[in-house]
Q: 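Take a look at this one; I'll ask things after.
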Amino acid sequence: MLVAENAGFSAFYLEDLFRPETYVTSYTGLEASNAAELDLMLLAVAVALLAGLVAAVRLPGPIRRRLLVAAAPVLTMAALVNFTFNGWAVSAVHMGHNIPLVTGQWAALVLLPLLAFLLGAQWARRRDETMRLAALGAATEREQP
């Protein structure tokens, strides 16, 4: 069973697990020797993401905010590279020589993740302070007749 590249999913046949074929690639960048193996890998990734989401939802709010702040630079860097440097990466491969990054690109790679972290830390601190003051106000109202 051959599957077109970037097909997303395919029918599952048990013999596909044991028959080597050409490499199949999904839109996620995963590669496998056959479509069934690729489907199992995608299922494992989906299960892991779902387990991580369930674990994150069950955490208290302040911890969730701090995890989000800690992940912000990584997510910023991933988005920056995938959405803005993809053309540079493709053209650099086909040119035959290295194409250095310009100053603005280096500044974006260094400063945007740092800025995302600093803004996220400020947001988490303000949110925690707001929640603390709201709880203090509610406790004060309960004490007064």
Side-chain angles (χ1 to χ4, degrees), residues 1 3-18 21-95 98-145:
M1 174 175 102
V3 177
E5 190 170 318
N6 297 331
F9 74 95
S10 64
F12 176 76
Y13 298 106
L14 188 59
E15 66 267 10
D16 286 344
L17 290 175
F18 307 107
E21 293 180 4
T22 59
Y23 280 100
V24 180
T25 306
S26 77
Y27 60 91
T28 60
L30 296 174
E31 287 186 1
S33 60
N34 57 45
E37 184 180 338
L38 181 64
D39 290 341
L40 290 175
M41 290 169 58
L42 289 172
L43 180 64
V45 168
V47 167
L49 287 174
L50 183 62
L53 181 66
V54 168
V57 167
R58 298 182 76 192
L59 290 172
I63 295 175
R64 262 196 320 264
R65 285 190 287 276
R66 282 166 178 72
L67 283 175
L68 186 61
V69 169
V74 176
L75 296 174
T76 302
M77 183 68 79
L80 183 66
V81 169
N82 284 335
F83 297 129
T84 62
F85 286 98
N86 194 24
W88 175 83
V90 170
S91 66
V93 171
H94 298 294
M95 292 294 275
N98 291 336
I99 302 172
L101 295 176
V102 296
T103 307
Q105 291 170 320
W106 280 111
L109 285 172
V110 171
L111 296 178
L112 286 178
L114 179 63
L115 182 65
F117 178 75
L118 293 175
L119 288 175
Q122 179 68 14
W123 167 76
R125 189 193 65 76
R126 288 188 62 155
R127 178 71 178 159
D128 289 345
E129 185 67 18
T130 302
M131 297 300 286
R132 187 186 70 79
L133 291 175
L136 184 63
T140 303
E141 285 183 4
R142 280 193 302 264
E143 290 177 3
Q144 294 178 353

Q: Would you give the length of the straight line joining atom CG of N82 to atom CE of M77, rounded to the nearest 0.5 angstrom?
A: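 One finds 11.5 Å between CG of N82 and CE of M77.
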Q: Counting C-beta onward and ignoring hydrogens, is there a side-chain heavy-atom pair between L101 and F85 closer than 4.5 Å?
A: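 A side-chain contact under 4.5 Å exists here.
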Q: Donor-acceptor pair, distance only, cut-off 3.5 Å: does the side chain of E141 make one with the backbone of A138?
A: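 Checking the backbone N and O of A138 against the side chain of E141, no donor-acceptor pair under 3.5 Å is found.
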Q: As an exercise, state the distance from CE of M131 to CG of L136, rounded to the nearest 0.5 Å.
A: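 Here the interatomic distance stands at 13.0 Å.
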Q: Do R66 and D128 come close enough that some side-chain heavy atom pair is under 4.5 Å?
A: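 Yes, their side chains come closer than 4.5 Å.
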Q: Give me the atom names and distance for the closest heavy-atom approach of A108 to P113.
A: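 Heavy atoms of A108 and P113 come nearest at O-CD, 3.6 Å.
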Q: Can you confirm whether R58 sits close enough to V54 that some side-chain heavy atom of one is under 4.5 Å from a side-chain heavy atom of the other?
A: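 Yes, close enough: below the 4.5 Å cut-off.
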Q: For atom CH2 of W123, decide whether the heavy atoms of other residues, nucleotides or ligands shown that lie under 6.0 angstrom number more than 12.
A: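 Above 12, so yes.
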Q: Report the C-alpha distance between R132 and E129 in whole Å, list the side-chain angles of each, state the deciding distance to 0.1 Å, and finish with yes or no for salt bridge (charged side-chain N to carboxylate O under 4.0 Å, His left out).
A: CA-CA 5 Å; R132 187 186 70 79; E129 185 67 18; 2.7 Å; yes
Q: To the nearest 0.5 Å, what is the distance between OG1 (T76) and CG (L109)?
A: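 With rounding to 0.5 Å, OG1 (T76) is 11.5 Å from CG (L109).
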Q: Other residues, nucleotides and ligands only: do more than 12 of their heavy atoms fall within 6.0 Å of CZ on R127?
A: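 No, because the 6.0 Å sphere around CZ of R127 holds 12 heavy atoms or fewer from other groups.
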Q: Hey, are the side chains of L49 and L53 touching, using non-hydrogen atoms and a 4.5 Å cut-off?
A: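 Not touching, per the 4.5 Å side-chain cut-off.
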